[in-house]
Amino acid sequence: MPNRISIRIDGELVQAERGQTIFEAAQANNRFIPGLCQFKGLSTVGACRLCVVEVQGVNRLLPSCTTPAQDGMAVITRSAKLNDYRRQALELLFAEKNHVCAVCVSNNHCELQAYAQRLGVTNVRYAYRYPRLKVDMSHPRFVIDHNRCVLCTRCVRVCNEVEGAYVWGVAGRGIGSRIACEMDRDWGKASACTNCGKCVQVCPTGALAEKGFAAEEMVKRQDLVERLATIRGTMNPGGSR
Amino acid sequence: MTKAPKARLATAWLDGCSGCHMSLLDVDELLLTLADRVTIVFGPLVDAQHFPESVDVALIEGAVSSQDDLRLAQTVRENSKFVIALGDCAVTSNVPSMRNSIAPTRLLERVYIAGADTQPGVPLENVPKLLRAAIPLHEVIKVDLHVPGCPPSAAAIAHVLTELLDGRKPDLSAVAKFG
Ligand code: SF4
Ligand code: SF4
């Protein structure tokens, strides 16, 4: 089977590799699709719904990060309709937890905030929920502030797939879902945490942060984790390559 | 040549820190142009005691947190053609919303009784009653334009006012963001 396939992205015929997702194929062809849960080198979950695209012949939107590109496929990555759905997805994330950007450690370095600006979200049409959520400061070096979590599960995946420590999981269901440490203990009591900090660096928001930083000060270093994650991607026998 | 009549501009200060008003004053020399083109008819920057009728543009800073905030927001809406939610507190309820997971009675007791060094007691007279939660402006009145930012930059405010006065719809994508 040839390894190259042809797909049409926004009308233009481009080449992609067999096995690539629509998201990867678009990126390889310098086309921007937004995405919050996607992280290069980690498995994909399709959690955030920002990367939805239209695929000709399919009458619903598909997350491009989990949909394989197929030979002859025609994909639309930008349209007024997609923008509208992407904005809705973002607004729901803002309404779900407590995002108070002005006093957040990640203010001005946050992927959620940046997408809001990029996609033109200037207010949230849904009623905010104002849930009461925990800030766990028990770890000696790091903090998890559930108020800022968008449940992208990047932290869960990087800890499982790159560090191999399996510290994080998702507890609860639906609107009650939250990131949990081991069997729901305080992070400081985790038995498997190696203190590597990878989860902190991949977290797109201020939910995971290093201690000792004030508002606006937490700048993540994703390049190093991405490097580690992609090295693993080429060596893992269970992976796609 | 007759000059165009001045636009009637009002501002209002609900549950916010006044930072958005500071940012408005920060537009530097645009203030001189504005002085030629608008009359400020209400708000913390002027003396008027009552919100006037037929306001062209109203800028509202702050979340809606108390009965007084709610009444003022409604009065502004009833008497203004174009209402702008100015800044994150008005747009998202921002920092004032951090009280929202605590019931107002418990909150007041914690601050004025548990937290008091002298004369513990919740003030009941001459203070507006708190609403159950501090909420964004658009949850209580129709808002014509949201200008996020904590505070919105002077450039964002300048852009919004100039565009509106010139009869155009401001495009905020390059100048405004949350936080
Ligand atoms: S995590 Fe991002 S969107 Fe949320 S409050 Fe912080 S800066 Fe704002
Ligand atoms: S803590 Fe951060 S990385 Fe983990 S799920 Fe929440 S937002 Fe994503």
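Chain letters run A, B, ... following the sequence lines, proteins first and then strands; every chain starts at 1.
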K.L.:
Counting backbone as well as side chains, what donor-acceptor pairs lie under 3.5 Å between chain A and chain B?
P.N.:
residue, atom, partner, partner atom, Å
A:Asn108, OD1, B:Lys177, NZ, 2.7
A:Gln113, NE2, B:Phe178, O, 2.7
A:Gln117, NE2, B:Ser173, O, 3.2
A:Gln117, NE2, B:Ala176, O, 3.4
A:Asn123, ND2, B:His146, NE2, 3.4
A:Val124, O, B:His138, NE2, 3.0
A:Tyr130, OH, B:Ser93, OG, 3.0
A:Tyr130, OH, B:Ala134, O, 3.4

K.L.:
If you count every heavy atom of other residues, nucleotides or ligands that lies below 6.0 Å from A:Lys189 atom NZ, does the total exceed 12?
P.N.:
no
K.L.:
Tell me, out of B:Ala85, B:Pro148, B:Ala133, who's got the most heavy-atom pairs with chain A below 4.5 Å.
P.N.:
B:Pro148
K.L.:
Measuring heavy-atom distances to chain A, does B:Ala90 have an atom under 4.5 Å in its side chain, in its backbone, in both, or in neither?
P.N.:
neither
K.L.:
Measuring heavy-atom distances to chain B, does A:Ala95 have an atom under 4.5 Å in its side chain, in its backbone, in both, or in neither?
P.N.:
neither
K.L.:
If every non-hydrogen atom of B:Cys150 is compared with every non-hydrogen atom of A:Ala102, which pair is closest and at what distance?
P.N.:
SG-CB, 3.2 Å
K.L.:
Examine whether an atom of B:Ile135 lies under 4.5 Å from a heavy atom of chain A, and if so say whether it belongs to the side chain, the backbone or both; otherwise answer neither.
P.N.:
both
K.L.:
If you draw a 6.0 Å radius around OH in A:Tyr85, do more than 12 non-hydrogen atoms from other residues or ligands fall strictly inside?
P.N.:
no
K.L.:
Go through the steps to decide whether B:Phe178 and A:Val121 satisfy the test side chain to side chain contact (heavy atoms under 4.5 Å, CB included), and finish with yes or no.
P.N.:
CA-CA 9 Å; B:Phe178 294 127; A:Val121 174; 4.2 Å; yes
